[in-house]
Number of protein chains: 2
Amino acid sequence: MNQFVKNTLKDHSLRNTLCREDILETFLSREVALSHGDLEHSLGEKFDRVTIYRTLKTFLEKGIIHKVLDEEGMRYALCKERCTEHNHHHDHVHFKCSECGQTNCLESLHIPSIQLPAGYHAQEMNLLIQGLCAACSEN
Amino acid sequence: MNQFVKNTLKDHSLRNTLCREDILETFLSREVALSHGDLEHSLGEKFDRVTIYRTLKTFLEKGIIHKVLDEEGMRYALCKERCTEHNHHHDHVHFKCSECGQTNCLESLHIPSIQLPAGYHAQEMNLLIQGLCAACSEN
DNA sequence: TTATGTTTTGCAACGCTGTTGCAGGATAAA
DNA sequence: TTTATCCTGCAACAGCGTTGCAAAACATAA
């Protein structure tokens with residue numbers, strides 16, 4: 001059993017359960033953003049749909065994962081930088097490949113700041129770029 | 001009956017039907033991005049849910065409206081600049097107010113260009129900013 | 001190790017979103 | 001007015017996401 005997984009759960013005062021371990025390990029092994037459906041499919045019949053939903057919700061609240069918007073729906077990805085319940089910093093860019101369909105975080109890129117019209121105040125930004133990823137544009 | 005509505009339908013070789021007229025007029029009168037549910041609610045029992053879905057799909061394909069991503073789901077907004085079936089330019093910013101919940105297009109702002117990692121090629125960009133809109137930040 | 005209180009899970013059920021097939025009805029053009 | 005084409009409504013379905021509740025699993029302290 002992965003020690004990182006155990007530590008992550010402990011650090012966020014979450015009980016160590018099989019479902020949580022498996023979901024965290026799935027996020028670690030696949031490196032792209034995953035939807036609820038991806039997880040359900042990947043974990044087989046091992047856990048109830050509802051449990052997966054609740055686990056994702058818990059991880060979101062604890063800052064272990066973050067949402068990734070997509071034209072096809074909601075996906076989730078591990079927070080690499082250290083996030084807490086009250087301090088998130090997800091101003092990195094999300095890239096969705098129109099060829100292979102995978103979505104991942106471009107951690108190295110940050111959203112440039114933008115001058116908003118008078119009176120507008122930004123709290124959160126979310127940039128999704130769609131196109132060809134490095135692997136797919138080689139062909 | 002609004003002449004703009006009739007022209008818009010004609011220009012895109014779409015038949016002039018009550019449902020299409022009403023949906024276009026709803027987009028014109030409310031100035032924010034609307035979800036399917038908003039339209040369904042706003043139009044009452046006048047049309048079948050399926051018809052509204054199909055109308056939105058048609059308008060999307062014709063370039064009359066465009067998608068607006070949102071943590072809560074999909075919304076749609078009128079294309080102000082002239083878009084055609086094959087030539088869209090929606091690099092403007094979408095703003096969602098966390099107070100009043102309304103989402104609108106900041107047509108004046110464009111997404112700054114970003115240097116992607118080697119091998120990545122962008123086709124489409126989508127920036128959603130969440131925060132307080134001008135009206136809500138006055139209070 | 002066992003007993004305890006608290007957290008998680010699975011199940012059943014529900015509402016909402018979005019899609020498809022098909023038959024009947026409306027539209028535009030001759 | 002006729003006709004071919006396009007739209008609409010209905011029925012049905014699959015998927016997403018949530019809630020309430022009882023049973024099971026967990027962590028802690030004895």
Side-chain angles (χ1 to χ4, degrees), chain A residues 1 3 5-26 33-62 64-76 85 101 103, chain B residues 1 3 5-26 33-62 64-76 85 101 103:
Chain A
M1 205 59 61
Q3 194 58 40
V5 169
K6 284 204 191 311
N7 288 342
T8 302
L9 292 176
K10 196 164 192 179
D11 290 352
H12 293 89
S13 345
L14 290 174
R15 288 195 178 172
N16 202 335
T17 70
L18 191 55
C19 181
R20 288 171 178 170
E21 286 176 358
D22 280 11
I23 289 185
L24 268 182
E25 287 187 356
T26 306
L34 301 174
S35 68
H36 172 274
D38 293 334
L39 286 168
E40 203 179 342
H41 185 264
S42 162
L43 298 171
E45 303 274 301
K46 227 165 164 185
F47 309 104
D48 193 87
R49 298 169 49 242
V50 180
T51 304
I52 300 177
Y53 275 115
R54 287 199 265 231
T55 303
L56 288 172
K57 200 174 178 183
T58 304
F59 284 0
L60 269 180
E61 285 163 3
K62 293 293 185 175
I64 298 174
I65 59 178
H66 63 274
K67 290 183 176 181
V68 180
L69 278 174
D70 192 289
E71 299 225 344
E72 283 151 49
M74 192 65 74
R75 285 164 200 270
Y76 306 89
E85 212 150 337
T103 303
Chain B
M1 205 60 60
Q3 194 59 40
V5 168
K6 283 205 193 309
N7 288 342
T8 303
L9 291 176
K10 196 165 193 179
D11 290 351
H12 292 89
S13 347
L14 290 174
R15 288 194 179 171
N16 202 334
T17 69
L18 192 56
C19 180
R20 288 172 177 169
E21 286 176 358
D22 280 12
I23 289 185
L24 268 182
E25 287 188 355
T26 307
L34 301 174
S35 67
H36 172 272
D38 293 334
L39 286 168
E40 203 177 342
H41 185 265
S42 161
L43 297 172
E45 304 273 302
K46 226 167 164 185
F47 309 104
D48 193 86
R49 296 171 49 242
V50 179
T51 304
I52 300 178
Y53 275 116
R54 287 199 263 230
T55 303
L56 288 172
K57 201 174 177 184
T58 304
F59 284 0
L60 270 180
E61 285 163 3
K62 294 293 186 175
I64 299 174
I65 59 177
H66 63 273
K67 290 183 176 182
V68 180
L69 278 173
D70 192 288
E71 299 226 345
E72 284 151 48
M74 191 66 73
R75 286 164 199 270
Y76 306 89
E85 212 151 336
T103 302

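These values consider heavy atoms only, across backbone and side chains, with no hydrogens, waters or symmetry-generated copies. Chain letters run A, B, ... following the sequence lines, proteins first, then strands; residues in each count from 1.
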Next on the checklist: Quick check: do B/Met74 and B/Leu69 have side-chain heavy atoms less than 4.5 Å from each other?
Outcome noted: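 Side chain of B/Met74 against side chain of B/Leu69, heavy atoms only: contact under 4.5 Å found.
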Rounded to the nearest 0.5 Å, what separates atom [atom1] in [X] from atom [atom2] in [Y]?
X	Y	atom1	atom2	result
A/Arg75	A/Ile65	CZ	CD1	13.5 Å
B/Ile23	B/Phe59	CD1	CZ	6.0 Å
A/Leu34	A/His41	CG	NE2	12.5 Å

Side chain of [X]: nearest nucleotide among [options]?
X	options	value
B/Val50	C/dT19, D/dT8, C/dA13	C/dT19
B/Tyr53	C/dG5, C/dT27, C/dT19	C/dT19
A/Thr51	C/dT17, C/dG10, D/dA27	C/dG10

Item to check | DNA chain D: 5'-proximal contact among B/Arg49 and B/Lys46 (nearest heavy atom) | outcome: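 Checking each residue's closest nucleotide, the 5'-ward one belongs to B/Lys46.
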Checklist entry - On DNA chain D, nearest-nucleotide positions of B/Asp48 versus A/Asn16: which is more 5'? => result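 The answer here is B/Asp48.
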What's the [atom1]-[atom2] distance between [X] and [N], to the nearest Å?
X	N	atom1	atom2	answer
A/His41	D/dA14	NE2	P	17 Å
A/Asp22	C/dT9	CG	C1'	14 Å
B/Lys6	C/dA28	NZ	C1'	13 Å
B/Lys62	D/dC6	NZ	P	10 Å
B/Ile52	D/dG9	CD1	C1'	12 Å
B/Glu72	C/dC16	CD	P	15 Å
B/Leu56	D/dC7	CG	P	14 Å
B/Leu14	D/dT5	CG	C1'	14 Å

Next on the checklist: Can you give me the closest heavy-atom contact between B/Ala33 and B/Asp38, atom names plus distance?
Outcome noted: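 So the two residues come closest at O-OD2, 4.2 Å.
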Checklist entry - Could a donor-acceptor pair under 3.5 angstrom be found where the side chain of A/Arg20 meets the base of C/dT8? => result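 A donor-acceptor contact between them is absent.
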Item to check | Counterpart residues, side chain to side chain contact (heavy atoms under 4.5 Å, CB included), relative to B/Ser42 (two or more places apart) | outcome: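 Partners of B/Ser42 by the side chain to side chain contact (heavy atoms under 4.5 Å, CB included) criterion, ordered by chain and then number, come out as B/Thr26, B/Arg30.
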Checklist entry - A/Glu21 pairs by salt bridge (charged side-chain N to carboxylate O under 4.0 Å, His left out) with which of A/Lys46, A/Arg15, A/Lys6? => result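 When A/Lys46, A/Arg15, A/Lys6 are each tested with A/Glu21, the salt bridge (charged side-chain N to carboxylate O under 4.0 Å, His left out) holds only for A/Lys6.
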Item to check | Helix axis bend for the helix from C/dT1-D/dA30 to C/dA30-D/dT1 - C1'-based end axes, five pairs, 10° rounding | outcome: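 Angle reported: 30°, given to the nearest ten degrees.
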Item to check | D/dT8 phosphate, OP1 or OP2, under 4.0 Å from B/Thr17 side-chain N/O | outcome: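 Answer yes for this pair, as a side-chain N or O of B/Thr17 is under 4.0 Å from OP1 or OP2.
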Next on the checklist: For a quick check of understanding: with a heavy-atom distance under 4.0 Å over all strands, which category does B/Lys57 fall into, base, sugar-phosphate or nothing?
Outcome noted: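 Touches sugar-phosphate only.
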Next on the checklist: What contact category does A/Arg54 fall into here, base, sugar-phosphate, or nothing, at under 4.0 angstrom with non-hydrogen atoms?
Outcome noted: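 Counting heavy atoms under 4.0 Å across all strands, the contact made by A/Arg54 includes a base.
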